[in-house]
K.L.:
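The structure's right below; bear with me while I get my questions together.
Residue numbers run from 1 in the order of the sequence given.
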Amino acid sequence: MSEPYSKKMIAKVKELARNLNITVHDGIYLGLQGPTFETLSEYKMVKNLGADCVGMSTVPEVIVARHMSIECFGLSVIADMGDEENIESVSHDEVLEAVKAAEPQLRSLIKELILNY
């Protein structure tokens, strides 16, 4: 599985995001086991591995989908910056607030992808 995420689909999402004035960033996602918030040591490990963000989901789902020949792309909402120099306690409620704030833009983007892909 050398290309888990469809380059064609990613390009389309970026085009749609530009049209909707939604800022998106490319990055390297590292899947870790959960449910947990990362420790200081884990933040350092993530940085040393070259990842930009971590999560507890997405990777297993994409592996299964790709084995079923389903085209995939990934969207992540960064809810915790994971700055190992300024680590702060993060609550589940704070993560939910960040996701809720991003939800309208994600909904618009996914709706446009469904209509235009």
K.L.:
Any link between Tyr5 and Val13 through a network of hydrophobic side chains (Ile, Leu, Val, Met, Phe, Trp, Tyr) touching at under 4.5 Å?
P.N.:
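In one cluster: yes.
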K.L.:
Any chance you could measure Ile78, atom CD1, to Tyr29, atom OH, to the nearest 0.5 Å?
P.N.:
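The CD1 atom of Ile78 sits 8.5 Å away from the OH atom of Tyr29.
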K.L.:
Are Leu75 and Val99 grouped together when hydrophobic residues (ILVMFWY) are joined by side-chain heavy atoms under 4.5 angstrom apart?
P.N.:
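Yes, it is one cluster - the side chains of Leu75 and Val99 are joined through contacts under 4.5 Å.
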K.L.:
Quick check on the hydrophobic clustering: are Ile70 and Ile63 connected, directly or via other members, by side-chain heavy-atom contacts under 4.5 Å?
P.N.:
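Cluster IDs for Ile70 and Ile63 differ.
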K.L.:
Ignoring hydrogens and geometry, is there a side-chain-to-backbone donor-acceptor pair from Glu42 to Thr39 under 3.5 Å?
P.N.:
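Answer holds: yes.
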K.L.:
Do the charged groups of Lys12 and Glu15 touch, with an N to O distance under 4.0 Å?
P.N.:
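Result for this pair is yes, salt bridge flagged.
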K.L.:
Just verifying a value: how many Å separate Ile22 CD1 and Leu16 CG, rounded to the nearest 0.5 Å?
P.N.:
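If we round to the nearest 0.5 Å, Ile22:CD1 and Leu16:CG are 9.0 Å apart.
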K.L.:
For residues 53-62, please give each side-chain donor-acceptor pair under 3.5 Å, one per line with the distance, not counting sequence neighbours.
P.N.:
{"residue": "Ser57", "atom": "OG", "partner": "Glu61", "partner atom": "OE2", "Å": "2.8"}
{"residue": "Glu61", "atom": "OE1", "partner": "Thr58", "partner atom": "N", "Å": "2.9"}

K.L.:
If you group Ile, Leu, Val, Met, Phe, Trp and Tyr by side-chain heavy-atom gaps below 4.5 Å, do Ile114 and Ile10 land in one group?
P.N.:
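Yes; Ile10 is reachable from Ile114 via cluster members.
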K.L.:
What closest approach, in Å, do Val77 and Ala98 show between heavy atoms, and which atom pair accounts for it?
P.N.:
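Distance-wise, the nearest heavy atoms are CG1-O, 4.1 Å.
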K.L.:
Any chance you could measure Asn116, atom CG, to Lys111, atom NZ, to the nearest 0.5 Å?
P.N.:
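Interatomic distance, Asn116 CG to Lys111 NZ, rounded to 0.5 Å: 11.0 Å.
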K.L.:
Would Asp26 and Lys14 count as a side-chain contact (heavy atoms from CB on, under 4.5 Å) here? Give the steps.
P.N.:
CA-CA 10 Å; Asp26 289 322; Lys14 287 180 177 181; 2.7 Å; yes
K.L.:
Counting C-beta onward and ignoring hydrogens, is there a side-chain heavy-atom pair between Leu32 and Met45 closer than 4.5 Å?
P.N.:
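They are in contact (side-chain heavy atoms under 4.5 Å apart), so the answer is yes.
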K.L.:
If you look at every heavy atom in Gly27 and Asp52, which pair is closest and at what distance?
P.N.:
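Shortest heavy-atom separation between Gly27 and Asp52 comes out as CA-OD2, 3.1 Å.
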K.L.:
Using the rule that two of Ile, Leu, Val, Met, Phe, Trp, Tyr join whenever any of their side-chain heavy atoms come within less than 4.5 Å, decide whether Phe37 and Val46 are in one cluster.
P.N.:
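No, it is not one cluster - the side chains of Phe37 and Val46 are not joined through contacts under 4.5 Å.
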K.L.:
Of all heavy-atom pairs between Cys72 and Met9, which one has the smallest distance, and what is that distance?
P.N.:
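Distance-wise, the nearest heavy atoms are C-SD, 4.0 Å.
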K.L.:
Can you name the closest pair of heavy atoms from Arg66 and Glu3 and give their distance?
P.N.:
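Result for this residue pair: NE-O, 3.8 Å.
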K.L.:
Find the distance between CG (Asn19) and CG (Leu109) and round it off to the nearest 0.5 Å.
P.N.:
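Taking CG in Asn19 and CG in Leu109, the distance rounds to 10.0 Å.
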K.L.:
Compute both the distance and the angle, then confirm whether Lys8 meets the cation-pi test with Tyr117: under 6.0 Å from the six-membered ring centre, within 45 degrees of the axis.
P.N.:
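Pair Lys8/Tyr117 counts as cation-pi.
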